[in-house]
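Right, one structure below, let's go through it.
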Protein chains: 2
Amino acid sequence: MSNTARTIMLVDDHAVVREGYRSMLQKQPGLRVVAEASGGAEAYRLYKETGPDLVIMDLSMPGIGGIEAIRRLRQWDKHAKILVFTMHQNAAFAVQAIRAGASGYVTKTSPPETLVHAVMDALSGKIAISPDIDHELALSHLAGETAAADLLTAREFEVLRMLLAEKTTDEIAEVLHLSPKTVANLHSLIKDKLGVGTDIELVRLALRQGILTQIDLGER
Amino acid sequence: MSNTARTIMLVDDHAVVREGYRSMLQKQPGLRVVAEASGGAEAYRLYKETGPDLVIMDLSMPGIGGIEAIRRLRQWDKHAKILVFTMHQNAAFAVQAIRAGASGYVTKTSPPETLVHAVMDALSGKIAISPDIDHELALSHLAGETAAADLLTAREFEVLRMLLAEKTTDEIAEVLHLSPKTVANLHSLIKDKLGVGTDIELVRLALRQGILTQIDLGER
DNA sequence: ATCATCGTCGTGAAATTTTCCCGGCACCGG
DNA sequence: CCGGTGCCGGGAAAATTTCACGACGATGAT
């Protein structure tokens with residue numbers, strides 16, 4: 001178990017970050033980086049090719065995002081070990097990632113030791129969550145900010161996503177084959193359920209909870 | 001001029017990214033990393049202490065953000081050379097950074113050579129903009145999406161920021177000593193000027209243009 | 001000096017939206 | 001069967017958004 005190195009694949013769209021991982025990890029004996037991918041699709045391909053012991057994965061990537069990539073990797077290999085390493089210090093993301101099958105969630109603001117620790121934990125089968133996210137989770141629990149997805153019914157959530165994406169009430173009514181009146185009613189109900197007064201707060205909540213990502217904004 | 005190495009300070013709140021920079025730059029002869037900071041305040045302090053030839057700076061950092069940090073550094077040293085290296089592939093940010101006094105703007109998605117190139121350019125006094133941002137700038141120019149800041153009057157912009165940050169119309173009226181009616185009028189006028197129909201589009205536009213940052217969202 | 005322009009602030013009134021309350025349907029578990 | 005819940009929309013009051021308009025001061029050109 002100890003005479004052969006554990007193999008690792010890095011997935012991050014920023015070359016400089018991969019370089020950083022590589023540099024940090026190669027100081028650690030017994031670890032070897034065998035593949036690098038800059039996106040979800042490439043990660044999938046390279047995983048099948050190289051079958052690494054552990055994947056270190058960023059979340060925000062163009063194309064196939066991190067969460068989706070995790071899902072696909074785990075679908076291909078039920079026992080894939082995937083450690084999420086991301087800038088999003090956000091409990092909602094962490095929950096999504098773990099649900100998708102991640103073995104750990106560490107934020108990029110963590111000190112290097114934390115990453116190394118998490119890598120070791122993940123390799124030995126433990127689930128590693130960085131302390132700040134633990135704290136976030138506890139906080140959001142205490143603050144009672146239940147995930148929007150849990151609070152809303154499927155239909156309501158659908159409308160919420162369209163509100164955030166589409167334009168007007170009428171357009172949504174069109175697409176969903178509803179009366180504009182119903183959409184307006186749902187819109188109102190959603191804000192009520194989520195405890196926000198204005199649409200602006202609604203968007204901010206959605207961003208906090210990862211329902212809407214900055215990448216979805218048509219920014220790129 | 002060539003027998004002594006050019007000194008560089010790295011500013012990024014992610015240790016792994018600093019490690020990446022360091023690893024990439026030390027392959028380059030004639031460059032030496034002499035300081036690392038994880039935030040704007042620390043950067044300011046260390047700059048005064050070490051006086052590096054070049055600063056490589058991230059934009060999104062807790063506390064004093066990158067743009068503000070650039071402003072302060074340039075205030076202290078009019079000739080400070082600061083190269084922005086960020087994940088934000090966003091023309092609006094680039095414009096802000098350059099206006100604040102940055103000597104260049106490179107996105108983290110760029111290949112390593114681009115960073116090295118930009119470092120050299122910046123050191124020799126040139127302004128380096130990575131190709132994707134050039135493209136963005138051209139695009140946003142063509143698309144006619146003028147920066148909101150240029151389109152709005154000072155008062156309107158003020159109200160816009162408060163709309164994005166504060167809560168209700170009445171609260172803003174309170175703070176600004178205006179009639180709630182006036183705020184509502186401004187709100188309407190702003191949406192008109194920016195060509196958006198709903199508040200949700202307004203927030204999205206603000207995010208695209210960097211008026212509102214994800215970090216401002218109260219996520220942290 | 002005067003005029004035109006623009007930003008700012010406000011009013012009033014119409015148009016629209018939001019919100020609240022309601023009823024009808026369908027589905028599910030006891 | 002009955003109560004609870006999600007889903008869909010109507011009606012009407014309440015709130016808001018929007019539009020037209022006037023007043024005022026600062027600016028700037030003639």
Judged by atom type as modelled, is there a donor-acceptor pair below 3.5 Å linking the side chain of [X] to the main-chain atoms of [Y]?
X       : Y       : answer
S124(A) : M120(A) : yes
D53(B)  : T7(B)   : yes
R74(A)  : A80(A)  : yes
S103(A) : L83(A)  : no

Tell me the interatomic distance from [X], atom [atom1], to [N], atom [atom2], rounded to whole angstroms.
X       : N       : atom1 : atom2 : result
D192(A) : dG6(D)  : CG    : P     : 13 Å
E156(A) : dC7(D)  : CD    : C1'   : 9 Å
L189(A) : dC7(D)  : CG    : C1'   : 11 Å
L186(B) : dC19(D) : CG    : P     : 15 Å
H187(B) : dT16(D) : NE2   : P     : 12 Å

Would you call [X] and [Y] a salt bridge, using N to O less than 4.0 angstrom?
X       : Y       : result
D12(A)  : K108(A) : yes
E201(A) : R204(A) : no
D121(B) : K81(B)  : no

- prompt: Using 30° and 60° as the class limits, which term best fits the ring planes of Y44(A) and W76(A): parallel, tilted or perpendicular?
  reply: perpendicular
- prompt: Should the heavy atoms of other residues, nucleotides or ligands under 6.0 Å from CD of E174(A) be counted, would the total exceed 12?
  reply: no
query: Should the heavy atoms of other residues, nucleotides or ligands under 6.0 Å from NZ of K126(A) be counted, would the total exceed 12?
result: no
So which protein nitrogen or oxygen atoms get under 3.5 Å of nucleotides 21-27 of chain D's nitrogens or oxygens?
none

query: Taking DNA chain C as the partner, which of residues 175-185 of chain B come within under 4.0 angstrom of it by heavy atom?
result: L178(B), S179(B), K181(B), T182(B), N185(B)
message: Let's go through T168(B) and D170(B) carefully: what are the C-alpha distance in whole Å and the side-chain angles of both, what is the deciding distance for side chain to side chain donor-acceptor pair (under 3.5 Å) to 0.1 Å, and is it a yes or a no?
response: CA-CA 5 Å; T168(B) 68; D170(B) 296 290; 4.5 Å; no
- request: Under 4.0 Å from any heavy atom of chain B: name the first and the last nucleotide of DNA chain C that qualifies, 5' to 3'.
  value: dG7(C) to dA13(C)
field: Contacts of Y21(A) that satisfy ring-ring contact (aromatic ring centres under 6.0 Å, His included) - sequence neighbours left out
entry: F85(A)
query: So how far off straight is the helix from dA1(C)-dT30(D) to dG30(C)-dC1(D), going by the axes through five pairs at either end, to 10°?
result: 30°
field: Listed partners of T182(B) passing side chain to side chain donor-acceptor pair (under 3.5 Å), at least two apart
entry: none
